Amino acid sequence: MNLLENLNPEQQRAVMTTEGPLLILAGAGSGKTRVLVHRVANLMANGVEPYHIMAITFTNKAAGEMRERINNLIGTGAEQIWVATFHSSCVRILRRYGDRIGYGTNFSIYDTDDTKTVMKEVLKKLNIDTKKFKERYFLNAISSAKNEMITAEEYALSCGSDLAKSRIAGVYREYQARMRANNAMDFDDLLVECVNLLKQDPEVLNFYQTKFQYIMVDEYQDTNTVQFELVRLLAGGRQNLCVVGDDDQSIYKFRGANIYNILNFEKHFPDATVIKLEQNYRSTKAILDAANGVIHNNEGRKEKALWTQNEQGERVKFKQFDSAYEEAQFIAMDINSKVRKGTYDYKDCAVLYRTNAQSRLLEEKFIVENIPYKIVGGVNFYSRKEVKDILAYLKTVDNAQDDLAVRRIINVPKRGIGQTSIDRVSDYAAALNMPFFDALMQLQMDPALKKLEKKVEPFVLFIQLMRSQLPDLGVAGLIREIIDQTGYEAELEAEGTDEAAARIENIEEFYSKAVSYEEEHEDATLGGFLEEVALIADIDSLDDSEDYVVLMTLHAAKGLEFPNVYMAGMEDGLFPSYMSITADDSVAEIEEERRLCYVGITRAMKQLTMTSAKARMVRGETQYGAVSRFVKEIPSDLLDGEVYEQKQRFFPDFLDDAPTQKINPIFTQKKPMAAAKNFGTKIEKKALDYGEGDRVKHPKFGEGEVISVIDGGRDYEVTVEFDNVGRKKMFASFAKMTKI
DNA sequence: GGTTTGAAACTTTTT
DNA sequence: GTTTCAAACC
């Protein structure tokens, strides 16, 4: 096999340059993954052992894709190549050597929700009013500090007489202490602590420097300072570091990405080779030129001349609508007509938008029009309440020091242990400086807590039992045991609502994820599963073998491509966002938004449609936005559609409602529908055709005898002793029972 | 100790 | 318009 076949001269050079620092400036759609994969193959052809090669990406999806393509090209030996995200690489290193910097190797990983809970506790302890200062404010400040590798101590020293900074320093310190006590790390800690480990322990550093002789980093423009430091350390020995990126696609500044990592690569590594990949294989000329026209308005970028041999193609379509409702309607209809004509499959189409909130309206229309779709992002599957509850059980079994997890589930399902009791035990544990769970095991030591013991004991015994049975049960078995023994699912079943049914579905999906995890990993462990779950993003679950339209934010779309793309909500104030327009450094912020627009445009292969709405509901208020400045930046000969200069219209308060209703009749329809539903519930109350002592039939639980009927005001609460599933309490209007 | 109700915040983007 | 959180009530 000739490795260089089907590669252009620059791509070939990138593949052949194996030694020393290498910067590949890869424009959108220029085949960078291809280059990386071939480069790996070339290294191995040159006799480099696969376990000496490392490839780092940002998302699991990107890692998975690269893994697959490497496997296809190379076959045997490829599985020994370390292909992983930044975060999972760090976890792997820390699980092995984390004890050297004072963490248990079974540390928990806290997601954004978890850190918020911790922060809440911290602020409560420090008597900081969360009305004045929000958790997010501190979490953002701490995250920024961590991204710059500033420790709590260093932060405190740098404050001087700055009161606001000192306050943050105090919070930072306490937050970190709690995380340590819980044996937990947040996303930033994973990177920071990994760098700390490598810096403090020459033995470990040497081990990994020897192991990773050839390192490749994808999406380098989005690395932050810690990630740079990590890469610098790992590549420190041989300096065989190859980074791939595009400064025009840097869109994560808000997350600490430092664009100077890529702009100054040649300064950091003076003998670096620089290769530019400028031929685009993805898009039509029209789309590419539109993208170039937009990005051209940014200053301070590495000038590139992205070109393509592809056909000219159709112009970029632009359509403006009166309301977001009509915009969504158009997109749905347009997709349907294209699918009907056979131009595209559903999976060829993607709708991109600036904010997650925009997905709702689109979703409603897609349901009406019967279009299969998948929304990426928004509420993460793993942050759903029911999934987090089960996860907390797993974490408790895995890491007894994880107080957050234990406290979450000690009263789920209800065990009669309320907030007051939890607080008391927390104080007791804090006083003795021990984990919450340990305190639960010795309540009899404190006379004030002794009476709690009876309620707590079954829970403690259950966790201990699960812990001892874990080797036999496996991860999936453990989950099943937890669902059954705690009666979590049974409780939801008894509720009988649609919402409860959806929750059960989520739990079952979670269970099947555990099953497939165990199928995929021979050495499956509970810790391994928790780790995978903690680091997974929604985008990772995209499956191109199924036929559905994908809806997602512009951020989530990076790295993907679709034949037919829609960019919705092209309005000033939405995109570019109101925040960026009014920011202090508005020029820089709008440049970042423009890069985001560039990313969006370059996702399209054949056809791109931009849409905007004159009026849009945001937070229950109608907003009137002008057409996005980015649309106007597209050269007019490439644009199919008029861009009207719309006057900003302002209505006095008392008129505010009127135009909304005219423009968008759905709101007047919706309300009566909701009212009718409530009305129906009330009527059902009177229609109870069974009473105490009667035999009844339930669709799920089978037959049983009515024990009692209590009038709960709005509804009857019925208790039934079922023949097969025992005694259940439920509401008459939901449990569709009939007398027999 | 648990449940219900009403207010308040939320919406920029995420590993 | 929706979700989350605390106070008031049971």
Side-chain angles (χ1 to χ4, degrees), chain A residues 56-63 84-91 109-113 115-116 120 130-131 134-136 140 143 146-147 185-191 219 222-224 226-227 250-257 324 352-361 364 376-380 382-383 385 411 413-422 452 455 534-540 552-558 569 573-583 589 592-593 595-597 599-600 616-623 660 664 666-667 670-671 674 712-714 717:
Chain A
I56 311 181
T57 64
F58 272 83
T59 65
N60 292 293
K61 178 166 170 72
T85 64
F86 270 104
H87 289 86
S88 58
S89 297
C90 289
V91 172
I109 300 168
Y110 280 4
D111 66 17
T112 325
D113 284 344
T115 58
K116 204 174 160 193
K120 222 175 251 168
T130 49
K131 293 244 162 62
K134 297 193 188 90
E135 293 95 357
R136 278 230 59 80
N140 283 338
S143 180
K146 285 180 181 172
N147 283 332
M185 297 198 205
D186 62 26
F187 289 138
D188 299 317
D189 287 333
L190 294 174
L191 301 164
E219 306 281 11
D222 285 326
T223 51
N224 61 31
V226 207
Q227 287 161 338
S250 161
I251 54 173
Y252 283 112
K253 194 172 137 217
F254 71 93
R255 208 167 71 190
L352 311 181
Y353 37 76
R354 181 65 180 82
T355 66
N356 277 310
Q358 287 168 258
S359 65
R360 178 164 292 134
L361 221 46
E364 279 175 21
V376 175
V379 182
N380 192 324
Y382 294 105
S383 53
K385 182 174 166 291
N411 201 31
K414 305 267 181 297
R415 296 186 179 89
I417 307 163
Q419 199 53 53
T420 353
S421 304
I422 294 176
L452 264 175
K455 291 174 175 172
L535 296 177
I536 222 111
D538 239 14
I539 182 91
D540 303 330
M552 64 187 142
T553 64
L554 288 151
H555 281 88
K558 196 170 66 157
L574 186 61
F575 187 36
S577 73
Y578 180 74
M579 300 278 278
S580 67
I581 296 172
T582 54
E589 297 248 329
E592 172 124 337
E593 297 272 312
R595 287 194 290 271
L596 191 55
C597 185
V599 167
R616 180 183 298 275
M617 289 283 271
V618 180
R619 292 201 298 254
E621 244 177 275
T622 309
Q623 291 196 349
T660 316
N664 198 345
I666 195 170
F667 294 117
K670 252 188 167 174
K671 275 177 188 156
R714 204 179 291 175
E717 192 187 270

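Basis for what follows: all heavy atoms, side chains included, without hydrogens, waters or symmetry-related copies. Here the structure is a predicted model, which means the values were calculated and not measured.
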Worksheet entry | Per Ser421(A) side chain, nearest of listed nucleotides dG1(B), dT3(C), dT15(B) | dG1(B)
Worksheet item: Tell me: CZ of Arg255(A) to C1' of dT13(B), nearest whole Å?
Response: 9 Å
Worksheet item: Heavy atoms under 4.0 Å, any strand shown: does Lys253(A) hit a base, just sugar-phosphate, or nothing?
Response: nothing
Worksheet item: Relative to the ring of His555(A), is the ring of Tyr252(A) parallel (under 30°), tilted (30 to 60°) or perpendicular (over 60°)?
Response: tilted
Practice prompt. Could you check how far CD of Glu219(A) sits from P of dT13(B), rounded to whole Å?
Written response: 19 Å
Worksheet, complete the sentence: Here the distance between atom C1' of dT13(B) and atom CZ of Arg595(A), to the nearest Å, is 13 Å
Item to complete: For dG1(B), take OP1 and OP2 only and decide whether either is under 4.0 Å from a side-chain N or O of Asn411(A).
Response: no
Discussion item. Is the phosphate of dT15(B) approached by Ser88(A) (side-chain N or O, under 4.0 Å from OP1 or OP2)?
Written reply: no
Worksheet entry | Chi angles and distances behind the side chain to side chain contact (heavy atoms under 4.5 Å, CB included) call for Tyr353(A), Leu554(A) | CA-CA 6 Å; Tyr353(A) 37 76; Leu554(A) 288 151; over 6 Å; no
Response to the item:
note: Leu596(A), atom CG; dT14(B), atom P; distance rounded to Å ~ 10 Å
Worksheet item: Going from CZ on Phe254(A) to CG on Asn140(A), what distance comes out if it is rounded to the nearest 0.5 angstrom?
Response: 10.5 Å
Discussion item. Rounding to an integer number of Å, can you tell me how far Phe187(A) CZ sits from dT15(B) P?
Written reply: 8 Å
Discussion item. Say we look at dA6(C) and dT11(B): how far apart would their C1' atoms be, to the nearest angstrom?
Written reply: 23 Å
Discussion item. Tyr110(A): which residues meet the ring-ring contact (aromatic ring centres under 6.0 Å, His included) condition with it, sequence neighbours left out?
Written reply: none
Worksheet entry | Lys558(A) side-chain N/O to dT13(B) phosphate OP1/OP2 under 4.0 Å | no
Worksheet item: Tell me: CG of Leu190(A) to C1' of dT15(B), nearest whole Å?
Response: 9 Å
Worksheet item: Between dT15(B), dT13(B), dT2(C), which nucleotide has the shortest distance from any of its atoms to the side chain of Arg360(A)?
Response: dT2(C)
Practice prompt. Kindly say if Asn356(A) contacts the phosphate of dT13(B), meaning a side-chain N or O under 4.0 Å from OP1 or OP2.
Written response: yes
Discussion item. Heavy-atom nearest nucleotide on DNA chain B for His555(A) versus Lys455(A): which residue maps closer to 5'?
Written reply: Lys455(A)
Item to complete: Starting at atom CE of Met617(A), determine the distance to atom P of dG1(C), rounded to an integer number of angstrom.
Response: 6 Å
Item to complete: Identify, with sequence neighbours excluded, every residue that meets salt bridge (Lys or Arg N to Asp or Glu O under 4.0 Å) alongside Arg616(A).
Response: Glu327(A), Glu571(A)
Worksheet item: Checking all strands, does Phe575(A) fall into the base, sugar-phosphate, or nothing category for heavy-atom contacts under 4.0 angstrom?
Response: nothing
Discussion item. Expressed as a whole number of angstroms, how long is the span from Asn147(A):CG to dT14(B):P?
Written reply: 16 Å
Practice prompt. Would you classify Glu593(A) as touching base, sugar-phosphate or nothing, given that sugar-phosphate means primed atoms plus P, OP1 and OP2, and contacts are heavy atoms under 4.0 Å?
Written response: base
Worksheet item: Nearest to the side chain of Thr355(A), which nucleotide is it out of dT15(B), dT13(B), dT14(B)?
Response: dT13(B)
Worksheet item: Which residue lies toward the 5' end of DNA chain B, Ser580(A) or Thr112(A), if each is placed at its nearest nucleotide?
Response: Ser580(A)
Worksheet item: Checking side chain to side chain contact (heavy atoms under 4.5 Å, CB included) for the pair Met617(A)/Thr622(A): CA distance, chi angles, key distance, verdict?
Response: CA-CA 4 Å; Met617(A) 289 283 271; Thr622(A) 309; 3.5 Å; yes
Discussion item. Would Phe254(A) count as stacking on dT13(B) if stacking means ring centres less than 5.5 angstrom apart and planes tilted under 30 degrees?
Written reply: yes
